[in-house]
A.B. asks: 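Quick one: structure below, then a few questions.
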2 protein chains.
Amino acid sequence: MTIPQSEELNLLHVHICQALSDPTRLQILYALHDKPRNVTAIAKLLDTPQSTISRHLAVLRQRSLVTSKRDGMAVNYSLSYPRIITVLDMMREVLREALEQQSQAVQ
Amino acid sequence: MTIPQSEELNLLHVHICQALSDPTRLQILYALHDKPRNVTAIAKLLDTPQSTISRHLAVLRQRSLVTSKRDGMAVNYSLSYPRIITVLDMMREVLREALEQQSQAVQ
DNA sequence: TTTGGTTATCCGGCTATCCGAATAAGCAGA
DNA sequence: TCTGCTTATTCGGATAGCCGGATAACCAAA
């Protein structure tokens, strides 16, 4: 067998990738990488309705990608595993090189 | 502004993540990392209908994650950027550690 | 040019996801 | 406890994704 991964891990992996496949959620993750923020702050920063942001944060929370902590009236969100940003950056790096190769191939 | 990424790259990034958020497609990528294979071989390996595999390969091809090359009667598929597997493995690594932490926290 | 192995596409139908307005729920300070 | 700020959830509806059987398209060998 050439597929050594456990079924379980595979499904979790899919879950994570699915969480990452939305432009707003990616932006949220990068915003939280910059610094922890509350819902309203993120909503303003991304110019997106509060309900939308809250829903996206719920997705990220369920997948354990972000952690919430109440701070006075607000709820502060932060990255659970900052290394996930490294992974995202690596992905972008591969993407960037792929684009370069393609543009060269066109010429 | 704390979100330095270009709109464009962001959408491409989402596209890639979306391609990665299906268990069958992940299995296909790992199978191709093992060695290049044709559609029928993948279908047999994963015990999945040929049409389903072909559809998934089309998605991966559109996203430039795999490359196809005709070889006699068959079409051989291979990874365009093997480094994507490194990225996937890193993601799994973060995931594994997250699981460990959670299981410890439960105790 | 016919045959048979291989791959891509079409089809109908189901499920999942996303959206923003509206509303409910939580909580701290007066 | 009432007020007001913050966050979570509900709602209806639109869009996108996935599935596998059937069929079409491709191509090499006879």
Side-chain angles (χ1 to χ4, degrees), chain A residues 7 10-32 35-80, chain B residues 7 10-32 35-80:
Chain A
E7 189 77 13
N10 207 34
L11 288 182
L12 278 171
H13 195 162
V14 165
H15 238 157
I16 298 299
C17 288
Q18 203 274 338
L20 301 175
S21 31
D22 179 279
T24 304
R25 285 199 289 267
L26 274 190
Q27 286 184 300
I28 291 175
L29 289 176
Y30 276 103
L32 295 182
K35 64 177 179 190
R37 299 172 196 261
N38 64 31
V39 182
T40 305
I42 300 173
K44 277 185 193 157
L45 179 65
L46 303 187
D47 191 28
T48 303
Q50 176 268 328
S51 70
T52 299
I53 298 297
S54 183
R55 223 179 326 102
H56 282 306
L57 283 170
V59 172
L60 294 172
R61 210 184 330 116
Q62 284 157 12
R63 265 80 156 178
S64 298
L65 287 171
V66 302
T67 306
S68 61
K69 191 177 174 187
R70 180 165 280 279
D71 173 28
M73 266 189 302
V75 176
N76 239 284
Y77 279 87
S78 54
L79 293 185
S80 304
Chain B
E7 189 77 14
N10 207 34
L11 288 180
L12 279 170
H13 194 164
V14 165
H15 240 159
I16 298 299
C17 289
Q18 202 274 338
L20 300 176
S21 32
D22 179 280
T24 304
R25 285 199 289 266
L26 275 189
Q27 286 184 299
I28 290 175
L29 289 176
Y30 276 103
L32 294 183
K35 64 177 179 190
R37 301 171 195 261
N38 63 32
V39 181
T40 306
I42 300 173
K44 278 185 190 154
L45 179 66
L46 303 186
D47 191 29
T48 302
Q50 177 267 328
S51 70
T52 298
I53 297 297
S54 182
R55 222 182 327 103
H56 282 306
L57 283 170
V59 172
L60 294 172
R61 208 183 333 115
Q62 284 158 13
R63 266 80 157 177
S64 299
L65 288 170
V66 303
T67 305
S68 62
K69 189 177 174 186
R70 180 162 281 279
D71 174 27
M73 267 188 303
V75 175
N76 238 283
Y77 279 87
S78 55
L79 294 184
S80 303

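Letters A, B, ... are given to chains in the order of the sequence lines, protein chains preceding strands, and every chain is numbered from 1.
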A.B. asks: So if I take every side-chain heavy atom of Ser51(B) and compare against dG21(D), dC18(D), dT7(D), which nucleotide ends up nearest?
C.D. replies: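 The answer is dG21(D).
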A.B. asks: Give Thr40(A) one of three labels, base, sugar-phosphate or nothing, depending on what nucleic acid heavy atoms sit under 4.0 Å from its own.
C.D. replies: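 Answer is sugar-phosphate: Thr40(A) comes under 4.0 Å of backbone atoms only.
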A.B. asks: Would you please test Ser80(B) and Thr67(B) for side-chain hydrogen bond (donor to acceptor under 3.5 Å, both in side chains) and show each step?
C.D. replies: CA-CA 5 Å; Ser80(B) 303; Thr67(B) 305; 2.7 Å; yes
A.B. asks: What do the steps show when you test Ser68(B) against Val75(B) for side chain to side chain contact (heavy atoms under 4.5 Å, CB included), and what is the final call?
C.D. replies: CA-CA 6 Å; Ser68(B) 62; Val75(B) 175; 3.7 Å; yes
A.B. asks: Could you tell me the separation between the CG atom of Leu57(B) and the CD atom of Gln62(B), rounded to the nearest 0.5 Å?
C.D. replies: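 Rounded to the nearest 0.5 Å, the CG-CD separation comes to 11.0 Å.
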A.B. asks: With a strict under 4.0 Å distance from non-hydrogen atoms of chain A, what nucleotide opens and what nucleotide closes the contacted stretch of DNA chain C, reading 5' to 3'?
C.D. replies: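 With heavy atoms of chain A under 4.0 Å away, the range is dT17(C) to dA28(C).
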A.B. asks: Have a look at the helix from dT1(C)-dA30(D) to dA30(C)-dT1(D) and give the angle its two end axes make, five pairs each, rounded to 10 degrees.
C.D. replies: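 If I round to tens, the end axes sit 20° apart.
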A.B. asks: Nearest whole angstrom, please: distance from the P of dC19(D) to the CG of Leu57(B).
C.D. replies: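 The answer, rounded to whole Å, is 13 Å.
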A.B. asks: Could you give the CZ-to-P distance, from Arg70(A) to dC5(D), as a whole number of Å?
C.D. replies: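 Taking CZ of Arg70(A) and P of dC5(D), I get 16 Å after rounding.
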A.B. asks: Take the protein atom CD of Gln18(A) and the nucleotide atom P of dG17(D), then report the distance between them rounded to whole Å.
C.D. replies: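 Result: 11 Å.
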A.B. asks: Please report, rounded to the nearest Å, how far the C1' atom of dG20(D) is from the CG atom of Asp22(B).
C.D. replies: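 After rounding, the gap between these two atoms is 14 Å.
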A.B. asks: With sugar-phosphate meaning primed atoms plus P, OP1 and OP2, does Gln50(B) contact a base, only sugar-phosphate, or nothing at under 4.0 Å between heavy atoms?
C.D. replies: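 The answer is base, as Gln50(B) lies within the cut-off (heavy atoms under 4.0 Å) of a base atom.
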A.B. asks: Check every strand shown and say whether Arg55(B) touches a base, only sugar-phosphate, or nothing at a heavy-atom separation below 4.0 Å.
C.D. replies: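 Contact class for Arg55(B): base.
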A.B. asks: Below 4.5 Å, heavy atoms only, C-beta onward: do Thr24(B) and Ile53(B) meet side chain to side chain?
C.D. replies: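 SC-SC contact between Thr24(B) and Ile53(B) confirmed.
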A.B. asks: To the nearest angstrom, how far is Arg63(B) atom CZ from dG17(D) atom C1'?
C.D. replies: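 To the nearest whole Å, that distance equals 10 Å.
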